[in-house]
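Read the structure below first, then the notes.
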Amino acid sequence: LHQGAKFHTQTLTLDDDIALLRRNLVSSFTRGGGLWFYDFGAGYGGWWNHPRLLDEIRQLRTLFEDRYRAGFARDADALVVYDPAVFRHTARTWRVDCVSHACTDDLSAALYRSGACFDDVLLDDLPDTDLSRYKLVLFANTFRMTEPQRAHVRDRVLRDNRHVAFIHLPGYTDGQRNDLAFVRELTGLDLTLHTPAQQPTLRVTLESGEVSESTLWHPVPLPIFTPGEGVQTLGTIENHPAAARVRLPQATAWSFALPPTDPRLW
């Protein structure tokens with residue numbers, strides 16, 4: 001498992017493998033997704049070549065064949081918005097653009113470990129999504145938004161007393177121009193540029209009194225944009241406001257300078 005500049009190995013038992021099979025297959029099934037078992041072949045293959053694993057796969061398939069005929073609706077009341085198209089406008093490697101890596105892989109892992117039931121949607125599909133049952137909409141790596149997309153968020157998402165969370169710089173570019181004014185227009189938050197002296201760590205005090213910490217490993221100084229006045233500060237990076245909440249006319253907006261990767265916060 002890769003984490004920052006370090007590599008970690010982990011030894012799993014056969015019982016662990018079965019638990020992972022159940023988690024991965026059921027997670028896909030309850031989202032209406034199809035899947036298949038991909039084996040890398042000679043020299044790398046045989047990943048499921050064990051009687052207990054094959055029997056588990058057989059039982060899960062039988063379960064799914066029975067269950068998919070019944071009606072099903074997810075209980076998710078949180079929605080996470082991702083935008084793979086933004087990668088056309090960001091750096092190519094995670095060493096330079098580790099923010100995107102943290103906003104997708106690391107954030108997703110934290111959400112799954114939080115115990116919250118959530119749905120996922122692409123930014124392009126957001127206008128066709130029924131938001132009526134979602135109490136929280138989280139914009140993960142949505143750094144590129146066109147004017148119509150920003151308008152949709154302002155007019156249709158930031159309403160109905162919903163909580164809307166933004167990470168880093170939502171809407172910072174429209175694909176042609178980078179401008180902090182886009183972010184202010186979208187979120188209603190003023191932002192200030194700050195460059196931490198060290199690897200930035202976002203510290204947020206939870207309602208329990210515990211402090212949640214999320215550190216972003218980065219090989220070079222990383223500029224952080226922190227919210228200005230008129231907000232309730234919930235967290236800091238080097239004593240600079242970096243997690244905030246503000247009450248808008250029809251919704252509550254949350255802003256995080258870095259993606260929180262501690263499951264306890266979510």
Side-chain angles (χ1 to χ4, degrees), residues 76-90 97-112 114 116-175 178-191 202 204 214 216 224-227 231 234-235 242-248 250-263 265-266:
D77 58 4
L79 180 69
V80 187
V81 185
Y82 296 100
D83 182 24
V86 76
F87 295 122
R88 302 191 186 106
H89 306 276
T90 57
D97 176 26
C98 62
V99 175
S100 292
H101 175 84
C103 283
T104 51
D105 293 9
D106 296 345
L107 175 66
S108 297
L111 289 170
Y112 278 117
S114 72
C117 184
F118 62 94
D119 288 335
D120 316 275
V121 69
L122 299 182
L123 178 62
D124 286 344
D125 294 329
L126 186 60
D128 299 319
T129 302
D130 179 8
L131 300 178
S132 60
R133 64 190 176 96
Y134 296 115
K135 300 177 182 178
L136 167 69
V137 177
L138 168 59
F139 289 87
N141 66 329
T142 55
F143 316 131
R144 178 199 64 92
M145 286 192 189
T146 62
E147 196 286 325
Q149 288 174 326
R150 296 196 305 272
H152 179 78
V153 174
R154 292 194 310 271
D155 299 339
R156 306 300 300 174
V157 182
L158 285 162
R159 58 180 296 176
D160 300 328
N161 293 317
R162 187 176 291 117
H163 291 265
V164 182
F166 299 101
I167 294 179
H168 200 50
L169 287 174
Y172 177 58
T173 182
D174 62 359
N178 303 336
D179 197 332
L180 280 177
F182 294 151
V183 185
R184 298 189 188 102
E185 173 192 359
L186 176 68
T187 65
L189 299 171
D190 197 7
L191 296 174
L202 173 65
V204 179
S214 303
L216 186 66
I224 296 297
F225 295 87
T226 59
V231 300
L234 305 172
R245 178 172 57 197
V246 60
R247 178 63 187 171
L248 302 176
Q250 299 185 64
T252 299
W254 301 67
S255 173
F256 297 97
L258 293 180
T261 54
D262 183 346
L265 184 144
W266 296 113

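Here the structure is a predicted model, which is why all the values come from computation and not from measurement.
The side-chain heavy atoms of Tyr172 and Leu180, taken from C-beta on, include a pair separated by under 4.5 Å. Here the side chains of Arg133 and Asp77 are not in contact, with every heavy-atom distance at 4.5 Å or above.
Contact record, Val81 with Leu123: CG1-CA, 3.7 Å, taken as the closest heavy-atom pair. In this structure, Asp174 and Arg150 approach most closely via the heavy-atom pair CB-NH1, 4.0 Å. Between Leu138 and Ile167, the closest heavy-atom pair is CD1-CD1, 3.9 Å. Residues Pro263 and Ser114 come closest through the heavy atom pair O-CB, 3.5 Å.
Residues Tyr82 and Ser108 have side chains that bring a donor and an acceptor to within less than 3.5 angstrom of each other.
In this structure, Thr173 OG1 and Arg144 CZ are separated by 8.5 Å, a value rounded to the nearest 0.5 Å. Rounded to the nearest 0.5 angstrom, Leu158 CG and His152 NE2 are separated by 10.5 Å.
The local environment of CZ in Arg88 is sparse, with at most 12 non-hydrogen atoms from other residues, nucleotides or ligands closer than 6.0 Å. More than 12 heavy atoms of other residues, nucleotides or ligands sit less than 6.0 Å from atom CZ of Arg184.
Side-chain atoms of Asn141 come within 3.5 Å of backbone N or O of Asp83 as a donor-acceptor pair. The backbone N or O of Pro260 lies less than 3.5 Å from a partner atom in the side chain of Trp266, making a donor-acceptor pair. Checking side-chain atoms of Arg245 against main-chain N and O of Leu234 turns up no donor-acceptor pair under 3.5 Å. Judged purely by atom type and a 3.5 angstrom limit, Asp160 has no side-chain atom pairing as donor or acceptor with the backbone of Arg162.
His168 and Phe143 have perpendicular rings, their planes meeting at more than 60° on a 0 to 90° scale where under 30° would count as parallel.
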